[in-house]
Amino acid sequence: MNLTAEDTYYVGVNDHDIDLFEGIYKVPNGVAYNSYVIVDDKIAVMDAVDEHFGDAWIANIKSVLGGRKPDYIIIQHMEPDHSANALRFAEDYPEVKLVGNAKTFVMLSEYFGTDFADRRVVVGDGDVLSLGRHDLHFVFAPMVHWPEVMVTYDAYTKTVFSADGFGKFGALDKDEPWDDEARRYYVGIVGKYGKQVDAALKKLATLYIARICPLHGPVLEGDLSHYMGLYSMWANYEPEINGVMIAYASVYGHTKKAAELLAEELEKAGCSNVILHDLARDDRSVCVADAFRYSKLVIAGITYNANLFPSVREFIENLTERNYQKRTVAFIENGSWAPVAAKLMQDRFAKSNLTAAQTVVKVRAALNDESRAQIRALSEELAK
Ligand code: FEO
């Protein structure tokens with residue numbers, strides 16, 4: 001990848017072998033571990049890469065540097081998808097200084113068994129490291145996505161090296177739209193930490209930014225307002241779409257029919273933005289990201305072992321642990337004897353800042369006139 005930022009080079013790698021990112025997330029188009037080199041009087045390497053790509057990464061660095069030797073490796077984030085090769089790099093280049101903050105070096109010691117006491121440069125929030133023309137300003141961004149995270153602003157090229165922020169799933173040799181995979185990445189990885197993301201955005205808002213170089217996904221340049229706007233919405237838990245997501249789990253198809261009937265009734269009531277997700281079959285992280293995308297959520301769940309059906313239970317847990325809020329939620333329950341799904345779903349959202357729909361649909365085994373009327377009433381309430 002060619003960067004338009006002067007003296008700045010891409011030395012990252014694409015991973016198409018990965019099965020699950022962070023052991024959880026499916027990444028059908030792989031993922032990129034980005035790393036950059038700034039060549040000035042002094043040379044800085046921005047972050048390392050995942051443990052499986054050390055050879056390719058070092059080769060990329062050597063091809064940029066020719067015979068020159070790097071002076072610094074800046075460690076913005078210690079999660080191993082970025083830091084795993086920092087140890088090898090430090091061993092290959094014994095003159096290199098490691099730049100991080102106090103928390104970085106605690107983690108580095110935990111991972112590598114050494115904190116490089118004689119080779120470390122410990123920086124504070126707002127500190128500046130000059131490479132010559134390029135002054136690197138360190139801006140702490142705790143919990144975006146770990147406590148040690150910092151981002152770096154190169155005042156010469158007006159570039160923000162944004163760590164995990166503004167990243168997305170998908171290797172760089174796969175051409176795909178940014179929003180969906182960036183949203184799925186954001187909601188999954190840092191969705192819980194909206195407050196901290198908002199604080200970091202406020203710090204960045206004071207800077208003129210020409211481009212963003214994240215640790216995953218493409219470099220963003222030009223008009224950045226689209227990306228900044230989405231990040232601001234995500235950080236503040238604002239929905240992107242005024243519409244309804246219907247999430248259901250169905251064993252014999254009756255709950256699915258209730259969900260589909262609601263979708264039809266919503267369309268009849270004039271609500272054009274409606275999507276359905278089967279919680280047992282659709283990718284969990286897509287379901288969770290879409291729940292954050294839409295302004296209203298209906299969950300159709302069944303009673304199972306006097307509890308919620310597992311995929312419904314896990315879905316709700318995924319939402320509440322990410323501080324899901326500022327939306328309307330509604331419930332459809334299906335049960336034949338001792339149904340408790342609606343109450344259990346309500347209980348699980350009890351501490352969330354949500355508006356509950358008045359209508360609760362109660363299906364007894366299969367749809368009948370009464371439950372159809374409740375679905376119609378719910379559609380009218382949600383379409384308002
Ligand atoms: Fe891409 Fe939080 O590491």
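Put simply, the residue from Thr4, Thr8, Leu220 that forms a side chain to side chain contact (heavy atoms under 4.5 Å, CB included) with Arg211 is Thr4. Of the residues His216, Arg184, His16, the one that meets the side chain to side chain contact (heavy atoms under 4.5 Å, CB included) test with Val27 is Arg184. Just one of Ile246, Leu308, Val329, Ile316 meets the side chain to side chain contact (heavy atoms under 4.5 Å, CB included) condition when paired with Ile299; it is Ile316.
Under a 3.5 Å cut-off, the side chain of Asn334 and the backbone N or O of Thr303 do not form any donor-acceptor pair. A side-chain donor-acceptor contact under 3.5 Å links Gln325 to the backbone of Asn323. With Lys203 contributing its side chain and Val139 its backbone, the two residues share no donor-acceptor pair below 3.5 Å. Looking only at distances, no side-chain donor or acceptor of Thr255 sits under 3.5 Å from a matching main-chain atom of Gly301. When atom types are taken as modelled, the side chain of Asn305 and the backbone of Asn307 share no donor-acceptor pair closer than 3.5 angstrom. Looking at Asn368, its side chain does come within 3.5 Å of a backbone N or O of Ser371 through a donor-acceptor pair.
Within the structure, salt bridge (Lys or Arg N to Asp or Glu O under 4.0 Å) contacts touching residues 92-102 (residues at least two apart or in different chains) are Arg88-Asp92. Note on residues 145-174: pairs passing salt bridge (Lys or Arg N to Asp or Glu O under 4.0 Å), not counting sequence neighbours, are Lys168-Glu176.
Legend: residues meeting side-chain hydrogen bond (donor to acceptor under 3.5 Å, both in side chains) with Asp47, ordered by chain and number and at least two apart, are Gln76. Every side chain to side chain contact (heavy atoms under 4.5 Å, CB included) that Ser311 has, sequence neighbours left out, goes to Ala249, Leu279, Ala280, Arg284, Phe309. In this structure Tyr33 satisfies the side-chain hydrogen bond (donor to acceptor under 3.5 Å, both in side chains) test together with Asp15, sequence neighbours excluded. With sequence neighbours excluded, the residues that form a salt bridge (charged side-chain N to carboxylate O under 4.0 Å, His left out) with Arg133 are Glu6, Asp7. For the side chain to side chain contact (heavy atoms under 4.5 Å, CB included) test, residues two or more places apart in sequence or in another chain that qualify with Ala155 are His137, Tyr153. For Asp127, the side-chain hydrogen bond (donor to acceptor under 3.5 Å, both in side chains) test picks out no residue, with sequence neighbours left out. Every residue two or more places apart in sequence or in another chain was checked for a side-chain hydrogen bond (donor to acceptor under 3.5 Å, both in side chains) with Asp175, and none qualifies.
Closest of all the heavy-atom pairs between Tyr36 and Val11 is N-CG2, 3.8 Å. Taking both residues in full, the closest heavy atoms of Val99 and Phe138 are given as CG1-CZ, 3.9 Å, listed atom of the first, atom of the second, then distance. Heavy atoms only, all atoms of each residue included: Thr328 and Ala357 are closest at CG2-N, 4.4 Å. Minimum interatomic distance between Met245 and Ala291 (heavy atoms only, all atoms of both residues): SD-N, 3.4 Å. When all heavy atoms of Ala342 and Lys362 are compared, the closest pair comes out as CB-NZ, 4.3 Å. When all heavy atoms of Trp234 and Asp179 are compared, the closest pair comes out as CH2-O, 4.2 Å.
Contact check on Arg120 versus Asp115 returns a salt bridge, with a Lys/Arg side-chain nitrogen under 4.0 Å from an Asp/Glu carboxylate oxygen. Under 4.0 Å is where a charged nitrogen must lie from a carboxylate oxygen, and between Glu265 and Lys268 at least one such pair does. In this structure, Glu333 pairs ionically with Arg364, as a charged nitrogen and a carboxylate oxygen lie closer than 4.0 Å.
Both Val187 and Leu319 are part of a single hydrophobic cluster, where members link through side-chain heavy atoms under 4.5 Å apart. Residues Tyr304 and Val361 fall into different hydrophobic clusters, defined by Ile, Leu, Val, Met, Phe, Trp and Tyr side chains chained together at heavy-atom separations under 4.5 Å. Residue Val149 is grouped with residue Val190 when hydrophobic side chains (ILVMFWY) are merged at heavy-atom distances under 4.5 angstrom, including chains of intermediate members. Linking Ile, Leu, Val, Met, Phe, Trp and Tyr residues whenever their side-chain heavy atoms come within less than 4.5 Å leaves Val286 and Leu276 in two separate clusters.
The aromatic rings of His77 and His145 stand perpendicular to each other, their planes meeting at an angle above 60°, with 30° marking the opposite boundary.
Here Tyr93 and Phe89 bring their ring centres to under 6.0 angstrom of each other. For Tyr231 and Tyr186, the ring centers are positioned less than 6.0 Å apart.
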Item to complete: In sequence, state the C-alpha distance, the side-chain angles, and the governing distance for Ile332 and Val298, and then conclude on side chain to side chain contact (heavy atoms under 4.5 Å, CB included).
Response: CA-CA 7 Å; Ile332 298 173; Val298 180; 4.0 Å; yes
Discussion item. Set out, in order, the CA-CA distance, both residues' side-chain angles and the distance that settles ring pair (Phe, Tyr, Trp, His ring centres under 6.0 Å) for Tyr227 and Phe166, then state yes or no.
Written reply: CA-CA 8 Å; Tyr227 310 106; Phe166 297 93; 7.6 Å; no
Fill in: His277/Phe315 under ring pair (Phe, Tyr, Trp, His ring centres under 6.0 Å): CA gap, chis, key distance, verdict
CA-CA 11 Å; His277 275 303; Phe315 173 63; 8.5 Å; no
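The line from CG of Leu215 to OG of Ser162 is 6.5 Å long, rounded to the nearest 0.5 Å.
Hydrophobic cluster membership for Tyr156: none, as no Ile, Leu, Val, Met, Phe, Trp or Tyr side chain comes under 4.5 Å of it.
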Which pairs of donor and acceptor atoms, one on a side chain in residues 192-201, lie under 3.5 Å apart (sequence neighbours left out)?
unit_1, atom_1, unit_2, atom_2, d
Asp198, OD1, Asn236, ND2, 3.3
Asp198, OD2, Lys202, NZ, 2.5

Output side-chain donor-acceptor pairs under 3.5 Å for residues 62-74, partner residues at least two apart or in another chain, one line each.
unit_1, atom_1, unit_2, atom_2, d
Arg68, NH2, Asp40, O, 3.0
Arg68, NH2, Asp41, O, 3.3
Asp71, OD2, Ile43, N, 2.8

